[in-house]
J.: 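What follows is a single structure, and I will ask about it in a moment.
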2 protein chains.
Amino acid sequence: MPSTVPPHAAPAESRVRARTRRAILTAAASLLARNRGATLAEIAEAADVGRTSLHRYFPDRESLINAVIQDSASVMSQAIQEARLDDDDPVQTLRRLVATMFDVGDHLLFLFSDPGVRATFENLSEQGARTDAVARLIERGCAEGVFDSKVSSAWIESVFWALIYAGCDAVHKGRLPRHQALNSVLRSLENGIRIKGAGEEPDV
Amino acid sequence: MPSTVPPHAAPAESRVRARTRRAILTAAASLLARNRGATLAEIAEAADVGRTSLHRYFPDRESLINAVIQDSASVMSQAIQEARLDDDDPVQTLRRLVATMFDVGDHLLFLFSDPGVRATFENLSEQGARTDAVARLIERGCAEGVFDSKVSSAWIESVFWALIYAGCDAVHKGRLPRHQALNSVLRSLENGIRIKGAGEEPDV
DNA sequence: TCATTATGGAACATCAATGATCTATTTTGG
DNA sequence: CCAAAATAGATCATTGATGTTCCATAATGA
């Protein structure tokens with residue numbers, strides 16, 4: 001069976017449409033992350049398509065926003081899967097995860113840039129159990145006594161996302177080169193949630 | 001000379017107007033923090049004033065937004081001053097500061113909720129040297145070797161704001177009671193930026 | 001009490017983003 | 001090369017937020 005074609009994916013979108021759709025979603029996420037009030041015209045231009053085309057794919061603004069949220073969520077979800085959170089020891093896994101999150105920084109910045117967007121995102125996370133893998137990883141770490149037990153695992157997760165966001169933001173704004181931001185996040189994060197035996201240097 | 005009345009503050013606003021203005025600014029900050037697209041009508045309602053009145057104080061939306069930014073910035077600035085960042089040792093001072101920031105959480109959440117707002121805020125910070133006191137405190141801490149020297153002081157400041165924000169957000173959303181959020185932030189922060197000799201328990 | 005000041009609400013004009021429709025072109029895939 | 005699919009661009013109606021004006025009331029404070 002073909003690997004990229006889902007068996008029962010009814011009509012299946014043409015390659016052209018798929019590419020266009022992707023262009024729109026990507027451009028939208030990137031633009032909206034910086035300017036939540038971005039006009040549909042601006043988004044279309046950024047995606048290098050006519051405003052009409054954008055409308056053909058997403059009837060109204062709301063459906064576009066939702067689609068971008070969905071898409072960003074699934075991009076992150078997939079990235080998380082590929083990070084294999086159930087392997088190794090939590091520390092090593094966490095490092096892989098952070099690096100992975102940096103790779104999808106644009107989507108992450110978008111999902112966290114707006115309270116409303118973020119709420120919607122977290123909502124469908126609850127239902128669909130998507131980024132829950134992260135929560136599970138952290139809880140596992142707590143259970144194994146590898147993470148700080150003086151604070152709730154929920155809080156640790158908050159810290160995790162907050163630092164990732166700060167790191168991506170720093171890179172995005174050009175305040176730090178990627179590798180340095182990555183190291184900084186790792187360092188602040190690991191020491192922050194007090195990993196036992198994290199004596200020195202996560203480094204490169 | 002009177003303590004609360006600036007000597008040359010030309011016309012001086014009537015008490016009533018001052019109160020109304022404050023009501024609007026406060027309500028606006030609180031509302032806009034949660035919903036950046038909040039309508040002027042909604043803001044007026046939240047402030048418990050007529051939309052007309054709101055317009056009387058702030059001719060257009062932009063001037064309102066700017067005023068709210070200015071106000072929130074000055075509220076934070078004042079709070080920071082009262083935290084006396086130049087006293088004590090950096091650690092103790094940092095703790096005071098975090099607690100202080102929790103007190104002005106609504107304003108902080110507003111200033112950081114929107115990329116655009118945040119940019120404007122950081123812009124006038126540079127010029128007016130307002131929240132720079134925080135940066136100075138951190139740099140002092142780094143200079144004294146009290147904070148982690150493996151990362152830039154700029155990054156440490158990022159971590160500081162990121163964790164404060166996460167804490168305020170948790171409180172605001174009801175995920176944590178205030179005192180617990182405060183302790184969590186302190187703990188994660190201090191261990192995160194690796195304060196030497198911070199063996200245990202900041203606690204209550 | 002009374003003049004002043006501040007307010008609320010209705011009513012209206014404006015405007016920009018939105019979304020819908022149509023047509024001419026281009027691109028795709030066979 | 002050709003039919004089908006996809007697109008861009010122009011045009012137009014709609015709509016909701018905005019900003020403005022006017023007037024009647026209410027609060028203030030001397």
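We name chains A, B, ... by the order of the sequence lines, and we start the count at 1 in each one.
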J.: For DNA chain C, determine which residues of residues 50-65 of chain A have any heavy atom closer than 4.0 angstrom to one of its atoms, and list them numerically.
T.: A:Arg51, A:Thr52, A:His55, A:Pro59, A:Asp60, A:Arg61

J.: When you measure from the side chain of B:Glu157 to the backbone N and O of B:Ala154, does any donor-acceptor pair fall under 3.5 Å?
T.: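 Absent.
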
J.: Whether the side chain of A:Thr93 engages the backbone of A:Asp89 through a donor-acceptor N/O pair (distance < 3.5 Å, no angle test) should be reported.
T.: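 Yes; at least one donor-acceptor contact below 3.5 Å.
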
J.: Donor-acceptor pair, distance only, cut-off 3.5 Å: does the side chain of B:Arg140 make one with the backbone of B:Leu85?
T.: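 Yes, because the side chain of B:Arg140 sits within donor-acceptor range (under 3.5 Å) of the backbone of B:Leu85.
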
J.: Take atom CD of B:Glu13 and atom P of D:dG29, then tell me their distance rounded to the nearest Å.
T.: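 Those two atoms, CD and P, are 13 Å apart.
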
J.: Send over the distance from A:Glu42 CD to C:dA16 C1', rounded to a whole Å.
T.: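 Checked: the CD to C1' distance equals 12 Å.
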
J.: Can you measure A:Leu32 atom CG to C:dA17 atom P for me and round it to whole angstrom units?
T.: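 Spelled out: CG on A:Leu32 to P on C:dA17 is 15 Å.
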
J.: Hey, are the side chains of A:Glu139 and A:Ile156 touching, using non-hydrogen atoms and a 4.5 Å cut-off?
T.: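 Answer no - side chains too far apart.
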
J.: Let me know the distance between CG of A:Asp48 and P of D:dA6, rounded to the nearest Å.
T.: 18 Å

J.: On DNA chain D, compare the nucleotides closest to B:Ala38 and B:Val16; which residue's is nearer the 5' end?
T.: B:Ala38

J.: Before giving the answer on salt bridge (Lys or Arg N to Asp or Glu O under 4.0 Å), spell out for B:Glu190 and B:Arg95 the whole-Å C-alpha distance, their side-chain angles and the decisive distance to 0.1 Å.
T.: CA-CA 9 Å; B:Glu190 293 187 357; B:Arg95 290 181 186 172; 2.5 Å; yes

J.: With sugar-phosphate meaning primed atoms plus P, OP1 and OP2, does B:Arg21 contact a base, only sugar-phosphate, or nothing at under 4.0 Å between heavy atoms?
T.: nothing

J.: Please state how far atom CD1 in B:Ile43 lies from atom P in D:dG19, giving the value in whole angstrom units.
T.: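 Result: 11 Å.
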
J.: Counting only side-chain heavy atoms from C-beta out, which of D:dG19, C:dT7, D:dA6 sits nearest to B:Thr20?
T.: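 Nearest nucleotide to the side chain: C:dT7.
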
J.: Give the rounded distance in Å between these two atoms: CG of B:Leu40 and C1' of D:dT18.
T.: 7 Å

J.: Output yes when at least one side-chain N/O atom of A:Ser14 is less than 4.0 Å from OP1 or OP2 of C:dT28, else no.
T.: no

J.: Consider side chain to side chain contact (heavy atoms under 4.5 Å, CB included). Of B:Leu111, B:Val134, B:Thr100, which one does B:Met76 pass it with?
T.: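 Going through the options one by one, the only one that passes is B:Leu111.
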
